[in-house]
Structure formats: C-alpha cells, structure tokens
Amino acid sequence: DMAERLNNFPKIFFKNFLKKINQEDFITYPSYSEYNKLIDALAKYNKCKSSNIYLDTGSDACIRTLLQLTCERGSNIVGSTPSFPMYSVYAQGFGANSIKVKYDLDRSLPISKILKYTNKKTRLVILANPNSPYGDYKNKNEIIELASALKKKKILLLIDEAYVEFSPGSILKLIPTYKNLLISRTFSKAWGAAGCRVGYIIGDKEIIHSLQNIQLTFPLTCVSVKFAMYLINNKNFIKSHINKVKKDRDKLCNLLEKNGFDVLRSHTNSIHFHQKKGNNSIPHKILNKYGVAFKKGANIGTPIKVVGDNRNTWIRISVGPNIHNLPYIKEIIKSDKKI
C-alpha cells in the first residue's frame with residue numbers, strides 16, 4: 001500500500017549482492033569515497049556532473065534539507081493538494097506556511113492556478129510529477145511555463161520525480177536552462193529499495209553545495225550505498241522490471257474497466273478503483289481475506305478521496321508484474337458480476 005516493489009528480487013540476483021557485504025560495512029562509519037562513487041554513478045546515469053548531485057537518506061530527507069535551506073519564519077511554500085503530506089510538515093517545522101493549491105473538479109491543476117498562489121514570501125514551489133495519489137502528469141511545456149515564471153520571481157521550483165520511471169519521462173534536460181529548477185529522485189519506488197533509504201536531488205551546483213553544507217554526518221549506511229550502486233550497475237534489469245510494471249498496470253486497468261469498475265488511471269505504480277454499482281465493500285473483504293495491504297476510504301493515514309467524486313470508499317492499491325493474474329484480483333473481478 002506504499003508503492004513499494006511488490007515481489008522479491010530473483011534469488012540469484014540478491015545472492016550475488018550479499019557477496020559484496022562484509023563486516024566492515026557494519027563495524028565502521030560509511031566511507032565518503034564510496035559516497036562519491038555512488039554520486040559519480042548517479043551523475044553518469046543522469047547525464048550531468050557530480051557537482052549537480054546531492055545524496056541523502058531518501059528523497060524525503062533531501063526535500064527536508066532543501067526546506068531547511070530555503071525556509072524562514074513567515075515565508076511560505078506552494079504545492080498541490082492532495083500530494084505528499086511531508087512537504088507541509090517539514091515546511092511548518094522550519095517556520096514556513098504551506099499554501100495548498102486544490103485540484104479542479106475534473107482533477108486538473110493548471111499552471112496558471114499554481115502561480116496565482118505565489119507571492120513575495122514564497123521561497124519554493126513543490127510539484128510531484130507524476131503526482132501521488134492521483135498519478136497525473138505534467139508535460140515538458142507545462143514545466144517550462146512554471147519554471148520560467150518562477151525564475152522571474154526568483155523562486156525555486158522542486159519537481160519531485162519519485163515515480164518518474166513509470167511516467168512518460170523526466171524533465172531532467174531543463175536543469176541547465178533553469179538554475180531555479182531542482183529534481184528529487186528516490187530508490188524506493190521503481191528501483192525496489194525502499195528499506196535502504198537512498199534519494200538524491202539534481203540541480204544547480206551552487207544550490208547542491210549549499211545543501212551539502214547543512215547535511216547530517218554520514219547520512220547513508222555502507223550497505224545502502226552498496227545496494228544502490230549494485231542496482232545502478234544492473235540498471236537494464238531494473239528497467240525490464242519497470243516496463244513489466246507499466247504494462248501490467250495498464251492490463252489491470254483494462255480488466256477492471258471491462259468488468260464493472262471505475263478506474264483512476266495513473267502514471268505511478270498504484271491505481272484507484274471503485275465498483276460502478278456498490279460501495280466497494282466486497283473488494284475490501286477480499287483484499288483483507290488475502291492479507292493484502294491497501295488504502296481505502298477515510299482510513300487512518302492519508303484519506304483516499306477522488307476530487308469530483310462523492311464516493312468515499314475508493315480503493316488505492318500498488319501494482320506490479322503479473323498483478324492481473326493474482327488470486328485476489330481474479331476474485332474481485334468475479335465478485336462484481338454478482339452485484
């Protein structure tokens with residue numbers, strides 16, 4: 001229910017990684033030389049310079065440090081709602097106000113609407129792309145429009161690309177043109193390493209240097225650095241997995257739509273669905289019976305609501321390869337035909 005990798009890595013793949021671990025990884029403090037190797041690898045992967053990479057304990061830690069750098073008491077940040085709730089939590093922790101821009105009833109969020117909420121006290125605009133929970137995606141031209149307008153206002157723009165691998169693409173190529181533009185990335189979603197807590201920011205080298213100056217000592221463990229490096233060195237294997245997730249995500253959406261469900265399609269690795277006729281109680285029971293973790297209705301945590309829809313019993317579920325053939329999905333499909 002947290003958009004993690006749904007299935008284990010192949011045994012041989014993980015076994016080969018375990019051979020790289022030794023006692024020093026647990027006895028000693030992490031090596032900055034290993035950090036730098038990972039940063040260099042990330043720079044090569046993203047076709048930028050190492051000076052453009054800030055590495056930290058997950059993308060949320062990266063974002064928190066950026067907010068620490070930019071916010072002061074009385075300032076504000078601007079972002080969409082619903083979105084990752086920690087943007088607001090971190091900003092408020094540093095004395096800044098969080099201005100939340102609501103989606104329109106058709107679940108669109110025009111760039112012009114976001115810009116209307118910025119003012120002289122705005123230090124940062126944060127936009128997840130694709131966004132979670134809805135999985136909507138803004139194209140390159142929309143991001144250019146936003147980055148250009150904010151550049152004139154001397155406001156930083158952070159594009160959170162936590163789910164970018166499942167989307168039409170990144171806006172990475174815009175970084176050299178817009179020095180006020182930053183991108184955050186994570187190893188938690190498509191790369192399947194949520195437990196390692198590895199994330200990074202790509203941006204102008206002066207901002208990256210400032211982030212490094214206020215970073216905690218030894219933010220990543222030796223094992224985390226090694227596993228992230230191992231995944232990068234096997235990036236083709238990871239890309240193959242991502243393609244399977246995208247393909248089978250769309251298969252699942254098609255299957256649900258053909259069998260009596262409304263589906264909110266997504267550019268992430270999770271979807272929303274709801275019975276056209278019914279209150280989703282049967283799918284709830286089936287998922288619980290199989291011990292599947294999922295988000296539902298106004299459950300504890302982030303409420304699962306869909307803008308423009310009055311039903312408060314939507315289900316949000318993470319997807320992965322072959323999910324459309326899993327027993328609980330087949331039972332959900334069959335159950336709706338009885339209503």
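These figures come from a predicted structure and were not determined experimentally. All heavy atoms count here, side chains included; hydrogens, waters and symmetry mates do not.
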Quick one: [atom1] on [X] to [atom2] on [Y], what's the gap to the nearest 0.5 Å?
X    : Y    : atom1 : atom2 : result
T177 : K151 : OG1   : NZ    : 7.5 Å
N36  : S31  : CG    : OG    : 8.0 Å
K295 : L287 : NZ    : CG    : 13.5 Å
S50  : D40  : OG    : CG    : 3.5 Å
I329 : L255 : CD1   : CG    : 8.0 Å
N254 : N259 : CG    : CG    : 11.0 Å

All side-chain hydrogen bond (donor to acceptor under 3.5 Å, both in side chains) counterparts of [X], not counting sequence neighbours:
X    : answer
T217 : none
K289 : E331
D136 : Y103
S224 : T221

For S240, side-chain contact (heavy atoms from CB on, under 4.5 Å) partners two or more places apart: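 Listed in chain order: K244.
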By side-chain contact (heavy atoms from CB on, under 4.5 Å) - contacts of N325 (at least two apart):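 Residues passing side-chain contact (heavy atoms from CB on, under 4.5 Å) with N325: N322, K330.
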Would you say [X] and [Y] make side-chain contact, with heavy atoms under 4.5 Å?
X    : Y    : result
V223 : I21  : yes
P283 : F273 : yes
F294 : N288 : yes
I315 : F261 : no
I214 : Q68  : yes
M229 : K37  : yes
V263 : H272 : no
L127 : L158 : no

Write down the atom of [X], the atom of [Y], and the distance for their closest heavy-atom approach.
X    : Y    : value
A190 : E165 : CB-CB, 3.6 Å
L181 : I171 : CD2-CD1, 3.9 Å
I126 : I63  : CD1-CG2, 4.3 Å
T57  : L220 : CA-CD2, 3.7 Å
H267 : Y137 : CD2-CB, 3.4 Å
L115 : T118 : O-OG1, 2.7 Å

Ring-ring centroid check Y35 F218, cutoff 6.0 Å: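 No, the ring of Y35 stays outside the 6.0 Å limit from the ring of F218, centre to centre.
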Just by distance, no angles: are the side chains of [X] and [Y] close enough, under 3.5 Å, to form a donor-acceptor pair?
X    : Y    : value
T313 : H274 : yes
S83  : T81  : no
W314 : D309 : yes
Y134 : S266 : no
S132 : R316 : yes
D160 : Y87  : yes

Salt bridge (charged side-chain N to carboxylate O under 4.0 Å, His left out) contacts in which one or both residues fall within residues 72-101, not counting sequence neighbours: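 Those involving residues 72-101 are E72-R123.
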Where at least one partner belongs to residues 178-189, residue pairs that pass salt bridge (charged side-chain N to carboxylate O under 4.0 Å, His left out), sequence neighbours excluded: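 Output for this query lists E161-R185.
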Judged by atom type as modelled, is there a donor-acceptor pair below 3.5 Å linking the side chain of [X] to the main-chain atoms of [Y]?
X    : Y    : value
E142 : P110 : no
Q92  : V89  : no
S167 : G169 : yes
N52  : G203 : yes
S318 : A3   : yes
D56  : Y200 : no
N180 : I155 : yes
S108 : D104 : no
N131 : P82  : yes
T65  : A61  : yes

ring-ring contact (aromatic ring centres under 6.0 Å, His included) partners for F13, two or more places apart: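 Only F9, Y230, F237 meet the ring-ring contact (aromatic ring centres under 6.0 Å, His included) criterion with F13.
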All ring-ring contact (aromatic ring centres under 6.0 Å, His included) counterparts of H241, not counting sequence neighbours: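 Counting only residues at least two positions away or on another chain, H241 forms no ring-ring contact (aromatic ring centres under 6.0 Å, His included).
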Residues in salt bridge (Lys or Arg N to Asp or Glu O under 4.0 Å) contact with K226, at least two apart in sequence or another chain: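 For K226 the salt bridge (Lys or Arg N to Asp or Glu O under 4.0 Å) partners, ignoring immediate neighbours, are D25.
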For R265, salt bridge (Lys or Arg N to Asp or Glu O under 4.0 Å) partners two or more places apart: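 With neighbours one apart ignored, the set is E257.
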Report whether [X] and [Y] are members of the same hydrophobic cluster (ILVMFWY, side-chain heavy atoms less than 4.5 Å apart, transitive linking).
X    : Y    : result
L256 : F166 : yes
L182 : M86  : yes
L69  : L55  : no

Test: D262 and R311 ion pair at under 4.0 Å: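 Salt bridge between D262 and R311, a charged N being under 4.0 Å from a carboxylate O: yes.
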Heavy atoms of other groups near N8 CG, more than 12 under 6.0 Å: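 No, CG of N8 has 12 or fewer neighbouring heavy atoms, counting only those of other groups under 6.0 Å.
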